[in-house]
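Accompanying notes for the structure given below.
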Number of protein chains: 2
Amino acid sequence: MSEESEVLKLERQLCFPLYTASRLTTQCYQPILQELNLTYPQYLVMLVLWEKNNLSLSDIAQKLFLQSNTLTPLLKRMEELGLLTRTRSKQDERSICISLTETGEKLKIQAEQVPSRLTQQISLTRDEAIQLHTLLYKLIQG
Amino acid sequence: MSEESEVLKLERQLCFPLYTASRLTTQCYQPILQELNLTYPQYLVMLVLWEKNNLSLSDIAQKLFLQSNTLTPLLKRMEELGLLTRTRSKQDERSICISLTETGEKLKIQAEQVPSRLTQQISLTRDEAIQLHTLLYKLIQG
DNA sequence: TACATTTACATCGTACACGATATAATTGTA
DNA sequence: TACAATTATATCGTGTACGATGTAAATGTA
């Protein structure tokens with residue numbers, strides 16, 4: 001009934017396993033992050049800020065490949081959770097400075113266990129994970 | 001100021017490049033799919049149905065690793081677009097049968113050019129793409 | 001055959017993503 | 001210095017994702 005069209009087969013697309021692997025991996029994080037009361041995108045913001053505190057929205061946006069339309073409400077929710085503060089920069093009134101609160105800083109200690117707990121759930125060898133990591137960054141930066 | 005915590009560095013995580021590669025790849029599709037008046041998840045549903053028509057919602061759900069909470073509204077929108085019909089199955093009144101309309105079938109012809117147009121934009125060699133494909137499926141199926 | 005269990009969808013609420021657009025501050029330039 | 005262009009963030013609307021829950025049909029079982 002359906003014509004042969006190899007190029008349109010779902011399993012042949014690169015996009016589909018990317019989309020699915022991303023979603024399923026995020027789902028693996030969910031129960032772990034729930035203990036920290038964080039969503040996955042919120043966790044990413046925390047990773048950025050734990051590495052370097054007091055960044056502007058655009059700094060975070062650049063690191064996460066996101067924009068203000070996604071980040072503004074995300075950061076507002078995180079402010080309401082008491083994880084960070086959003087203050088207008090003195091040097092440039094357009095810019096806002098995102099700073100971790102003490103609560104936000106302290107959450108890092110609990111978060112230290114997250115990566116290893118996730119690695120345990122993943123069905124890739126260490127070498128495969130490295131290989132995948134390399135290929136994904138090549139795709140992203142291309 | 002921020003303590004050294006190698007395990008929590010953003011660039012070390014596997015999840016982040018997965019999430020980003022998925023989003024950026026979807027963004028590559030967007031202008032191409034706009035010509036077909038499809039969103040990316042809608043395109044995935046079409047890929048499934050072009051391969052095999054007259055599937056139940058749960059068949060599609062299984063292939064795309066989605067559930068009714070996502071698929072029901074998605075399929076309703078596609079029905080409104082005139083791409084498919086949703087009819088209760090006679091054999092099992094709980095099940096709905098998703099069938100392509102003629103419009104939906106015909107869209108396949110236009111879609112044939114999508115994969116190659118995307119491949120051109122991707123910064124991976126053929127071998128790397130195959131390698132990535134294999135690793136992602138291993139991750140998904142694990 | 002009653003009835004508990006399972007299955008297939010649907011609905012609801014929350015939180016992203018993201019294109020389009022708005023707004024105010026800063027910068028470049030005639 | 002006026003004023004156009006740029007930049008940083010915010011807002012809005014639409015469309016996913018997905019956990020939790022609801023509902024009705026089908027199935028298993030005593």
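Every chain is numbered from 1 and lettered A, B, ... according to where its sequence line falls, protein lines coming before strand lines.
Residue whose closest nucleotide on DNA chain C sits further toward the 5' end, between S68(A) and L74(A): L74(A).
When rounded to the nearest whole Å, the span between CG of N69(A) and P of dA10(D) equals 11 Å. The separation between Q67(B) atom CD and dA10(C) atom C1' is 13 Å, rounded to whole Å. When rounded to the nearest whole Å, the span between CD1 of I96(B) and C1' of dT7(C) equals 14 Å. Whole-Å rounding puts the R86(B) CZ to dA8(C) P distance at 17 Å. Whole-Å rounding puts the E80(B) CD to dT16(D) P distance at 11 Å. One can place CZ of R88(B) at 13 Å from C1' of dA26(D), the figure rounded to the nearest angstrom. We find that CG of L75(B) is positioned 16 Å from P of dA8(C), with the value rounded to whole Å. The CG atom of D59(B) sits 13 Å away from the C1' atom of dT7(C) (whole-angstrom rounding).
Among the heavy atoms of the strands, none lies under 4.0 Å from L71(B). Within the nucleic acid shown, T70(A) comes within 4.0 Å of at least one base atom, counting heavy atoms only.
Separating the NZ atom in K52(B) from the CG atom in L10(A) is a distance of 14.5 Å, to the nearest 0.5 Å. Atom OG1 of residue T85(B) and atom CG of residue L100(B) lie 8.5 Å apart, to the nearest 0.5 angstrom.
Counting heavy-atom neighbours within 6.0 Å of Q62(B) CD, excluding the residue itself, gives a total of 12 or less. For CD of Q121(B), the number of neighbouring non-hydrogen atoms (other residues, nucleotides, ligands) closer than 6.0 Å is greater than 12.
Between Q131(B) and Q131(A), the closest heavy-atom pair is NE2-NE2, 2.6 Å. The minimum heavy-atom distance between W50(A) and E105(A), with the atom names listed, is NE1-O, 3.9 Å.
Of the listed nucleotides (dC16(C), dT11(C), dG19(C)), dC16(C) has the atom at the smallest distance from the side chain of R77(A).
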key: B/S/- contact track for nucleotides 21-29 of chain C, protein heavy atom under 4.0 Å   = ----BS---
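For dT9(D), the OP1/OP2 oxygens have no side-chain nitrogen or oxygen of K76(A) closer than 4.0 Å. Proximity of S95(B) to the phosphate of dC9(C): a side-chain N or O atom is located under 4.0 Å from OP1 or OP2.
No hydrogens or angles considered: nothing links the side chains of Q141(A) and S123(B) as a donor-acceptor pair under 3.5 Å.
There is a path of hydrophobic side-chain contacts, each under 4.5 Å, that joins V7(B) to L118(A).
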Throw together a table of side-chain donor-acceptor distances under 3.5 angstrom for residues 36-46 of chain A, partners on residues two or more places apart or in other chains.
from: T39(A); atom 1: OG1; to: Q42(A); atom 2: N; distance (Å): 3.3
from: Y40(A); atom 1: OH; to: C15(B); atom 2: O; distance (Å): 3.2
from: Q42(A); atom 1: OE1; to: T39(A); atom 2: N; distance (Å): 3.1

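Residues of residues 10-41 of chain B that place a heavy atom closer than 4.0 Å to DNA chain C, in numerical order, are Y19(B), R23(B), Q27(B).
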